[in-house]
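Report on the structure given below.
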Amino acid sequence: MRAFVVTLPSGVRYWTVLDEDLGVVAGADDFLRHLRLGRDRSELTTKSYAGSIALFLRWCGATGRHWHVGVEHLGLFVMWLRHAREAEEEGTVLLAGPGAEPVRGARRINGVLTAVRSLVAHAVAAGRAPGQLLSVIYELGDARDLPQEARGEDAAMAWRMRARHRLHEPEAEVDRAGDAEIVALLRACGSARDRLIVLLMARAGLRRGEMCGLRRSDVHLSLGSRPLGCPVERAHLHVLRRDNPNGAWAKSRRQRVVPLDFLGVMAFDTYDLERAEVPAAQGSDFVLVNLFRQPVGRPMPPGAVNELIGAASRRAGLERRIRPHQLRHAFGSNLADAGAALDEIQELVGHAAAASSAVYLHPDPGRLRDAVERVPSPRAVPAR
């Protein structure tokens, strides 16, 4: 079993699952195609889900189980995910012994289980799997199971579902790029375009796909944009989802406005001057285009951002290689450290749920020390 990308005649791409004979696995393909076309999820989402489903079907085949039966033994699948490593030679499986590090962490395993549960729910809804499988993967209950105080004032019947199989994920600090690392990256950039890319992630919190999908019409740098039909004042960006030929994709379905600071505006101005010197780039409406490699003038693919940041990390002599998402985490963390409210952070970084933004609210040790030292000493309190 393996994941494989499919390109439709319209140009839309999604990932599916192939069996050992390179035949399409019908049930998995139906679900992944529905995920991409019916639910408007990104190509990268189908890639992640396809890889996870291929793992599950591979385990079912190796253990002689039909996948319906495999769903009933997800606990064994979790054990396999934690401790089984597939060797590159001959496809044999090596089991980790006592005390060995798990092959996959809790976060990765939970991601695989999420994909499997989604596949099962879709198959049940389509009539391709027995309905009782839902009770195997979810704990089903209604409002009658809850205390009276938790039922709400309207007392309406409500169903709730909770995944039965889920590993505890240890709480970890946000893996952000440090301010000194960001400055070093900016100094190591060899062009105005590359500096703009670093600033759009570190000072505006854009994802790779959002950044590579930006059109020139999305960028409003003047004090007022009403002549353009935009009521938003001062410099800002509009981030919205489109199907782009370079594979760029905005994760959120909802359009959002991201304000730009002085550094961002200056970076755009400098980049425009650099881009104007490349005739092949003038006809593209995309903001970020190839200026130094073929095909010149074509929109940059998201993967090129990883290469760019990795190369800048090496030139800067950093101890670790910075990834694009670490720059975005730096933006969210700096917002929290500057006193931004949770709803403000959620809107600026484009999270669908506030819980996703809450990871940035953990203050750094320096702020915790300052908070303790602001508490007055008992000796300083006047006696009554």
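Residues: numbered from 1 along the sequence shown. Keep in mind that this is a model prediction, so the values were computed, not measured.
Under the salt bridge (Lys or Arg N to Asp or Glu O under 4.0 Å) criterion, Glu307 pairs with Arg293, not counting sequence neighbours. Every residue meeting the salt bridge (Lys or Arg N to Asp or Glu O under 4.0 Å) condition with Arg13, not counting sequence neighbours, appears here in chain and number order: Glu43. Looking at residues two or more places apart in sequence or on another chain, you find no ring pair (Phe, Tyr, Trp, His ring centres under 6.0 Å) involving His168. Not counting sequence neighbours, the partners of Asp29 by the salt bridge (Lys or Arg N to Asp or Glu O under 4.0 Å) test are Arg33. Residues satisfying the side chain to side chain donor-acceptor pair (under 3.5 Å) criterion with Arg321, sequence neighbours excluded, are absent altogether. With sequence neighbours excluded, the residues that form a side chain to side chain donor-acceptor pair (under 3.5 Å) with Glu181 are Arg320. Residues meeting the salt bridge (Lys or Arg N to Asp or Glu O under 4.0 Å) test with Arg41, sequence neighbours left out: none. In this structure, the side-chain contact (heavy atoms from CB on, under 4.5 Å) partners of Val25, at least two apart in sequence or on a different chain, are Met1, Val17, Asp19, Ala28, Leu57.
For the pair Leu260 and Phe268, the minimum side-chain heavy-atom distance is below 4.5 Å. Inter-residue side-chain proximity for Val305 and Cys212 is flagged as met; some heavy-atom pair is nearer than 4.5 Å. Using a 4.5 Å cut-off on side-chain heavy atoms (C-beta onward), Ser225 and Val232 make no contact. Leu200 has its side chain out of reach of Leu327: every pair of non-hydrogen atoms, C-beta onward, lies at least 4.5 Å apart. In this structure, Val198 and Cys189 have side chains that are in contact, with non-hydrogen atoms separated by less than 4.5 Å. With a 4.5 Å cut-off on side-chain heavy atoms, Val103 and Leu81 do not count as touching. Side-chain contact between Val6 and Leu32: absent, with no pair of heavy atoms (C-beta onward) separated by less than 4.5 Å.
In terms of modelled atom types and a separation under 3.5 Å, the side chain of Arg256 and the main chain of Val239 share no donor-acceptor contact. Judged by distance alone, the side chain of Arg275 and the main-chain N or O of Ala281 form a donor-acceptor pair under 3.5 Å. The backbone N or O of His165 lies less than 3.5 Å from a partner atom in the side chain of Arg117, making a donor-acceptor pair. Judged by distance alone, the side chain of Ser313 and the main-chain N or O of Ile322 form a donor-acceptor pair under 3.5 Å. Panel note: side chain Glu274, backbone Thr270; no donor-acceptor pair is recorded below 3.5 Å. Under the 3.5 Å distance criterion, the side-chain polar atoms of Gln282 are left unmatched by any main-chain donor or acceptor of Pro279. No donor-acceptor pair closer than 3.5 Å links the side chain of Arg328 to the backbone N or O of Ala204. Of the possible polar contacts, one joining the Ser135 side chain to the Gln132 backbone as a donor-acceptor pair under 3.5 Å is found. Remark: the backbone N or O of Leu167 is paired with a side-chain donor or acceptor of Asn110 at under 3.5 angstrom. At least one donor-acceptor pair closer than 3.5 Å links the side chain of Asn290 to the backbone N or O of Pro295.
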**Prompt:** Do Val112 and Ile53 pass the side-chain contact (heavy atoms from CB on, under 4.5 Å) test, and can you show the C-alpha distance, the side-chain angles, and the key distance before you say yes or no?
**Reply:** CA-CA 7 Å; Val112 172; Ile53 292 170; over 6 Å; no
**Request:** Please assess Asp179 against Arg176 for the test side-chain contact (heavy atoms from CB on, under 4.5 Å), listing each intermediate value before the final yes or no.
**Result:** CA-CA 9 Å; Asp179 293 338; Arg176 56 159 293 176; 3.0 Å; yes
**Request:** Would you please test Arg216 and Asp272 for salt bridge (Lys or Arg N to Asp or Glu O under 4.0 Å) and show each step?
**Result:** CA-CA 11 Å; Arg216 301 172 82 172; Asp272 282 342; 5.1 Å; no
**Request:** Evaluate side-chain contact (heavy atoms from CB on, under 4.5 Å) for Arg104 paired with Leu55, printing each intermediate quantity in order.
**Result:** CA-CA 12 Å; Arg104 299 175 182 87; Leu55 271 175; 3.6 Å; yes
**Request:** Test side-chain contact (heavy atoms from CB on, under 4.5 Å) on Tyr14 and Lys47 and set out the steps.
**Result:** CA-CA 7 Å; Tyr14 74 97; Lys47 180 179 181 181; over 6 Å; no
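Using cut-offs of 30° and 60° on the angle between ring planes, the pair His122 and Phe31 is tilted.
Note: the hydrophobic cluster containing Phe292 also contains Met211 (ILVMFWY, side chain heavy atoms under 4.5 Å, direct or indirect links). The same ILVMFWY cluster, assembled from side-chain heavy atoms under 4.5 Å apart, contains both Val136 and Val120. Under the 4.5 Å side-chain heavy-atom criterion for Ile, Leu, Val, Met, Phe, Trp and Tyr, Leu196 and Phe286 are members of the same hydrophobic cluster. When hydrophobic clusters are built by joining Ile, Leu, Val, Met, Phe, Trp and Tyr residues whose side-chain heavy atoms come closer than 4.5 Å, directly or via intermediates, Val265 is grouped together with Leu199. Phe331 and Leu214 are not part of a single hydrophobic cluster, where members link through side-chain heavy atoms under 4.5 Å apart.
In plain terms, the two heavy atoms of Val287 and Tyr271 that are nearest each other are O-OH, 2.6 Å. Here the closest heavy-atom approach between residue Pro324 and residue Ile309 is recorded as CG-CG1, 4.3 Å. Contact record, Ala248 with Pro302: CA-CG, 3.8 Å, taken as the closest heavy-atom pair. Looking at every heavy atom in both residues, Gly224 comes nearest to Ser222 through O-OG, 2.8 Å. In terms of heavy-atom proximity, Ala316 sits nearest to Ala184 at CB-O, 3.6 Å. Scanning all heavy atoms of the two residues, the minimum distance from Arg215 to Asp243 falls at NH2-O, 4.4 Å.
For Glu20 and Arg2, the salt-bridge test fails: no basic side-chain N is under 4.0 Å from an acidic carboxylate O.
No side-chain N or O of Ser48 forms a donor-acceptor pair with one of Thr45 less than 3.5 Å apart.
The hydrophobic cluster containing Leu18, built from Ile/Leu/Val/Met/Phe/Trp/Tyr side-chain heavy atoms closer than 4.5 Å, also comprises Phe4, Leu22, Val24.
Residue Arg298 places its CZ atom among 12 or fewer non-hydrogen atoms of other residues, nucleotides or ligands, all under 6.0 Å distant. A 6.0 Å sphere centred on CZ of Arg242 holds more than 12 heavy atoms belonging to other residues, nucleotides or ligands. At most 12 heavy atoms of other shown residues, nucleotides or ligands fall within 6.0 angstrom of atom CG in Leu223.
Within the structure, ring pair (Phe, Tyr, Trp, His ring centres under 6.0 Å) contacts touching residues 189-224 (residues at least two apart or in different chains) are His220-His236, His220-His238. Listed by first then second residue, pairs satisfying side chain to side chain donor-acceptor pair (under 3.5 Å) with a partner in residues 187-209 read Ser191-Asp194, Arg203-Asp261, Arg207-Glu210, Arg208-Asn306, not counting sequence neighbours.
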Side-chain donor-acceptor pairs under 3.5 Å in residues 70-79, sequence neighbours left out?
residue : atom : partner : partner atom : Å
His73   : ND1  : Val69   : O            : 3.0

